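Beneath this line is the structure, given in structure tokens, with notes to follow.
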Amino acid sequence: MELDIQCEEMSPSRWAELLSTMKSCKTIRLDDCNLSSSNCEDLSSIINTNPSLTELKLNNNELGDVGVEHLCKGLLMPSCSLQKLWLQNCNLTSASCETLRSVLSAQPSLTELHVGDNKLGTAGVKVLCQGMMNPNCKLQKLQLEYCELTADIVEALNAALQSKPTLKELSLSNNTLGDTAVKQLCRGLVEASCNLELLHLENCGITSDSCREISAVLSNKSSLIDLSVGDNKIGDSGLALLCQGLMHPNCKIQKLWLWDCDLTSASCKDLSRLISTKETLTEISLIDNNLRDSGMEMLCQALKDPKSKLQELWVRECGLTTACCKAVSSALSMNKHLKVLHMGENKLGDTGVELMCEGLLHPSCNIQSLWLGNCDLTAACCATLATLMTTKQCLTELDLSYNSLEDEGIRKICEALRNPSCNVQQLILYDIFWSSEVDDELRALEESKPQVKIIS
């Protein structure tokens with residue numbers, strides 16, 4: 001049984017009612033429930049007495065160090081079988097790390113620890129690393145985003161990596177590491193026996209200077225399938241270095257996030273080669289890079305290659321205009337693998353979207369999720385979009401937010417939603433102005449088709 005409650009204030013009577021339910025739950029999720037250290041005493045008892053409990057999520061609650069101390073009493077009991085523990089944004093400090101170290105050292109069932117968005121600091125995480133080095137620790141996933149870490153943490157992390165072959169996921173995003181530390185970390189990863197599958201280093205102060213070492217990890221660790229280095233100023237020269245590792249035969253990358261990396265159209269030649277030849281690659285995010293139409297046209301050429309297996313392409317806010325839409329349409333008409341396309345915040349215009357719809361309507365295209373928010377669209381393109389919605393059975397998600405569609409456009413979209421052949425389940429319409437009459441139509445539509453979710 002699963003208990004999943006979010007954003008609910010817990011009265012004493014409601015809490016007492018839930019406690020009896022928790023005694024038989026396999027998963028308990030109580031994010032944003034205004035829990036405090038006193039609730040943790042009860043939860044500790046649940047952990048101790050419910051051997052079927054394997055997952056506990058308590059994100060965004062003011063538990064504090066005292067709350068974690070209470071929780072850990074239950075976690076340290078022999079009867080505890082917890083595997084996954086989420087304590088993100090729980091007002092923890094380095095003081096919690098000593099208690100959590102004891103759990104890591106004593107509890108082999110624990111395989112996931114998520115403690116991001118807490119002021120653990122370098123000193124605190126060094127203590128956690130000591131727990132990881134205990135032979136009893138079987139941790140597979142460690143999430144340390146926004147933990148106020150500095151370059152000084154890397155030596156302790158590398159020591160933990162050397163002793164922990166079980167570790168598969170490491171997230172260090174949004175910490176001030178810098179190039180020197182990231183290079184040191186990467187050298188440690190190459191030497192370590194762990195089979196890391198996920199490495200997230202977003203917003204870590206990385207420049208092109210680190211990219212040769214990250215590339216070495218890619219070419220040496222065939223286990224690494226998910227890499228995110230978004231929000232780092234690696235530039236075109238850094239991307240060229242990364243691609244050396246990405247193109248290596250040992251590299252089996254599946255998910256690559258390069259958002260806001262100061263890339264330009266100059267990077268698209270390397271990216272196109274990657275998309276067209278790396279058959280393991282299924283998802284790439286290039287959001288907020290200045291690729292422009294010339295860069296997008298190169299990417300589209302790669303998408304037409306039969307070897308490309310890309311399923312998700314994120315090119316939001318990439319300086320695109322109507323001029324690239326014919327190339328996008330051509331790629332869509334030839335690519336049967338692409339399922340998700342994010343093109344929001346680009347000046348595509350009605351003409352551009354109508355051109356794209358020619359490719360989207362092609363029998364070979366299997367698009368499921370299409371994002372066109374803030375693309376300078378008006379009601380003029382809505383008849384074509386309505387045709388897409390009623391014709392393309394595979395399309396289940398459509399985002400048209402921040403466009404001036406007005407009543408006329410929304411009515412055409414509503415008409416398409418009412419059509420029995422339309423399979424759109426989620427329609428996103430943020431910040432679009434329509435009349436109260438159209439609002440009534442939308443509400444009535446949701447009632448008549450409960451499977452459809454309109455988000456506005």
Side-chain angles (χ1 to χ4, degrees), residues 1-10 12 14-93 95-118 120 124-125 128 131-132 134 136-147 166-171:
M1 193 167 73
E2 186 174 303
L3 177 69
D4 190 346
I5 295 172
Q6 297 176 66
C7 305
E8 183 181 324
E9 292 282 331
M10 289 292 159
R14 175 65 167 149
W15 182 247
E17 174 195 330
L18 289 176
L19 279 175
S20 59
T21 306
M22 289 182 211
K23 290 174 182 175
S24 55
C25 283
K26 188 176 180 182
T27 299
I28 296 173
R29 183 179 181 186
L30 296 167
D31 294 347
D32 289 288
C33 285
N34 201 30
L35 304 183
S36 65
S37 57
S38 60
N39 300 106
C40 291
E41 292 187 66
D42 294 327
L43 288 169
S44 180
S45 176
I46 295 293
I47 292 167
N48 182 22
T49 57
N50 178 2
S52 62
L53 182 64
T54 57
E55 189 169 338
L56 180 61
K57 290 191 175 186
L58 301 171
N59 299 330
N60 308 316
N61 289 294
E62 290 286 321
L63 307 183
D65 297 326
V66 175
V68 168
E69 194 174 335
H70 289 317
L71 275 183
C72 287
K73 287 176 185 172
L75 289 165
L76 286 165
M77 298 301 287
S79 54
C80 171
S81 303
L82 200 74
Q83 296 171 15
K84 302 174 184 180
L85 179 61
W86 298 65
L87 297 169
Q88 290 177 211
N89 189 27
C90 285
N91 196 27
L92 312 185
T93 72
S96 287
C97 293
E98 185 60 50
T99 321
L100 289 167
R101 181 196 65 77
S102 302
V103 174
L104 288 171
S105 302
Q107 194 52 268
S109 68
L110 192 67
T111 57
E112 287 190 30
L113 180 61
H114 301 256
V115 285
D117 292 279
N118 289 296
L120 306 183
V125 173
L128 283 184
M132 284 176 67
N134 189 293
N136 284 331
C137 177
K138 306 297 179 192
L139 205 64
Q140 295 177 17
K141 299 180 183 181
L142 179 61
Q143 194 266 355
L144 296 167
E145 295 187 5
Y146 288 109
C147 282
T166 56
L167 195 69
K168 293 181 179 176
E169 297 189 7
L170 178 62
S171 181

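Worth saying up front: this structure is predicted, and the values here are computed from it rather than measured.
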Go through E69 and D65 one step at a time and tell me if the side-chain contact (heavy atoms from CB on, under 4.5 Å) criterion holds. CA-CA 6 Å; E69 194 174 335; D65 297 326; over 6 Å; no
Check for a donor-acceptor pair, side chain of T166 on one end and backbone N or O of L139 on the other, with a separation under 3.5 Å. yes
Find out whether T49 and S79 are in side-chain contact, i.e. whether some heavy atom of one side chain is under 4.5 Å from a heavy atom of the other. no
Apply the test side-chain contact (heavy atoms from CB on, under 4.5 Å) to residues M132 and L113: give CA-CA distance (whole Å), side-chain angles for both, the deciding distance (0.1 Å), then the verdict. CA-CA 11 Å; M132 284 176 67; L113 180 61; over 6 Å; no
Within a strict 4.5 Å, meaning less than it, do heavy atoms of the L87 and L71 side chains meet? yes
Heavy-atom check, side chain of T93 versus side chain of N118, under 4.5 Å: no
Within the distance-only criterion (no hydrogens, no angle test), does the side chain of S102 pair as donor or acceptor with the backbone N or O of E98 below 3.5 angstrom? yes
Of all the heavy-atom pairs spanning S24 and S52, show the shortest one and how long it is. O-OG, 4.0 Å
Can you list the steps and then say if L110 with L85 is a side-chain contact (heavy atoms from CB on, under 4.5 Å)? CA-CA 8 Å; L110 192 67; L85 179 61; 4.1 Å; yes
Check: Q83 main-chain N/O paired with T54 side-chain donor or acceptor under 3.5 Å: no
Side chains of N136 and S105 in contact at under 4.5 Å (non-hydrogen atoms): no
Give me the atom names and distance for the closest heavy-atom approach of R14 to M10. CG-SD, 3.9 Å
Heavy-atom closest pair (Q88 atom, D117 atom, distance to 0.1 Å) is NE2-OD2, 4.2 Å
Over all heavy atoms of both residues, which pair between C80 and S109 is shortest? Give the atoms and the distance, please. O-OG, 4.1 Å
With a 4.5 Å limit on heavy-atom distance, are the side chains of D4 and T27 in contact? no
As an exercise, state the distance from SG of C25 to CE of M1, rounded to the nearest 0.5 Å. 4.0 Å
Tell me the closest heavy-atom pair linking N34 and E9, and the distance in Å. ND2-OE1, 2.9 Å
So, for S44 and G74, which heavy atoms are closest and what is the spacing to 0.1 Å? OG-N, 2.9 Å
Looking at NE2 of H70 and OG of S38, how far apart are the two atoms once the value is rounded to the nearest 0.5 Å? 8.0 Å
Nearest 0.5 Å, what's the CG-CG distance between N61 and L35? 4.0 Å
Kindly indicate whether the side chain of V68, heavy atoms from C-beta on, has any atom under 4.5 Å from the side chain of L100. yes
The reported gap from OG1 in T21 to CD1 in I28 (rounded to nearest 0.5 angstrom) is 9.5 Å
As an exercise, state the distance from OG of S37 to CG of L63, rounded to the nearest 0.5 Å. 8.0 Å
For a quick check under 3.5 Å, do D31 and N60 share a side-chain donor-acceptor pair by atom type? no
Min side-chain heavy-atom separation Q107-L82 under 4.5 Å: no
Is there a donor-acceptor contact under 3.5 Å from the side chain of Q143 to the main chain of G116? yes
Mind checking the CD-CG spacing from E62 to N39? Nearest 0.5 Å is all I need. 12.5 Å
Please tell me if the side chains of L3 and M22 come closer than 4.5 Å, counting only heavy atoms from C-beta onward. yes
For a quick check under 3.5 Å, do S171 and E145 share a side-chain donor-acceptor pair by atom type? yes
Residues V103, L76; criterion side-chain contact (heavy atoms from CB on, under 4.5 Å); working and verdict: CA-CA 6 Å; V103 174; L76 286 165; 4.2 Å; yes
